[in-house]
Trainee: 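This is the structure I have questions about; it appears just below.
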Amino acid sequence: MFKIATWNVNSLKVRLPQVLEWLAAFQPDVLAMQETKIPNELFPAMDFEAIGYHVAYSGQKTFNGVAIASKQTIKEVETDLPGIEDPQRRVLAVTLGDVRVIDLYVPNGQSVGSEKYDYKLHWFSKLNHYVKVQLKKYEKLIVLGDFNIAPADLDVYDPKTWEGHVLVSDKERQALKELLQLGLTDAYRQLDTESPGYSWWDYRMGGFRRNLGMRLDLILVSSFFSKKLMRCQVDKATREAERPSDHAPVIAVIE
DNA sequence: ATGGTGGCGCGGCCA
């Protein structure tokens, strides 16, 4: 059995106690984190090692940042997409045994038509090329993280209001669709075709209390794993914690 | 109500 999780922690400095407590409770084999907002020299590696996790990380001050905690030793670390010069730390690919794991913090995009939106689409096209190559090399591939794209209207609390906006726009969804068509399956949606499965709720306007959420945090698996998927769920209880991240962890169980 | 909350870090950006 292989338990894998993704969680946008929105500052590892603030969330470290919650993350360590969560790891101890859920005992995933792998946790992919996003928005660590911490430079590598300040990454709290020893805190993870003390509870039995190896870590890899690619961070920067203030913004972005990705990290992986794994019970297995971490090999073949890559932190950049080929074909794009990008100081923003959003990618962390590692090999655990014979499993390739790619942790992503996809650009938010700000608003449709903005410079950041164009960057998001450009970044995603480079991602798709990278994953295509990775799939040829690794049969056992998992791509997970904060995609900042709600795949379909079912994944959005009020699709009418959001129509055409960033996070749900056609071009973003098309880019995600092209990623899936390379040979990946959206784990949550494969197992549950009806429940929204929100993983993010805006801090503002009582978003969580009113369940105004979106499913932005995805676990995509190659066909080798899709046949062995047992469970995929959102740990909504963690979003209810004192001083929570605006994202809840998503957990998949394989085999 | 063109807002709101939270993180970073101390003014204003980013989500």
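Protein chains get the first letters and strands the later ones, always in sequence-line order, with residue 1 at the start of each.
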Trainee: Just to verify, what does F225(A) make a ring-ring contact (aromatic ring centres under 6.0 Å, His included) with, not counting sequence neighbours?
Mentor: none
Trainee: First and last nucleotide of DNA chain B in contact with chain A, 5' to 3', at under 4.0 Å to a heavy atom: what are they?
Mentor: dG4(B) to dA15(B)
Trainee: With rounding to the closest Å, how many angstrom separate the P atoms on dC14(B) and dG9(B)?
Mentor: 14 Å
Trainee: Provide the distance between the two P atoms, one in dG6(B) and one in dG11(B), to the nearest whole Å.
Mentor: 22 Å
Trainee: In terms of the nearest nucleotide of DNA chain B, which residue is placed more toward the 5' end: R15(A) or N64(A)?
Mentor: R15(A)
Trainee: Would you kindly check if the NZ (Lys) or CZ (Arg) of R239(A) is within the cone defined by 45 degrees around the ring axis of F208(A) and under 6.0 Å from the six-membered ring centre?
Mentor: yes
Trainee: side-chain hydrogen bond (donor to acceptor under 3.5 Å, both in side chains) for N128(A) and S125(A)? Distances and angles first, verdict last.
Mentor: CA-CA 5 Å; N128(A) 284 352; S125(A) 72; over 6 Å; no
Trainee: Determine the interatomic distance between C1' on dA1(B) and the same-named atom on dC10(B); round to the nearest Å.
Mentor: 28 Å
Trainee: Relative to the 5' end of DNA chain B, which residue comes earlier, N10(A) or D246(A), by the nucleotide with the nearest heavy atom?
Mentor: N10(A)
Trainee: Write down the distance separating the C1' atoms in dG7(B) and dT2(B), rounded off to the nearest Å.
Mentor: 23 Å
Trainee: Could you tell me whether Y105(A) contacts a base, only the sugar-phosphate backbone, or nothing, with contacts defined as non-hydrogen atoms closer than 4.0 Å?
Mentor: sugar-phosphate
Trainee: State, with a plain yes or no, whether a side-chain heavy atom of I251(A) is found less than 4.5 Å away from one of I4(A).
Mentor: no
Trainee: Over 60° means perpendicular and under 30° means parallel, so classify the ring planes of W201(A) and Y198(A), tilted if in between.
Mentor: perpendicular
Trainee: Among K177(A), H165(A), K120(A), find the one that has a side-chain hydrogen bond (donor to acceptor under 3.5 Å, both in side chains) with E172(A).
Mentor: K120(A)
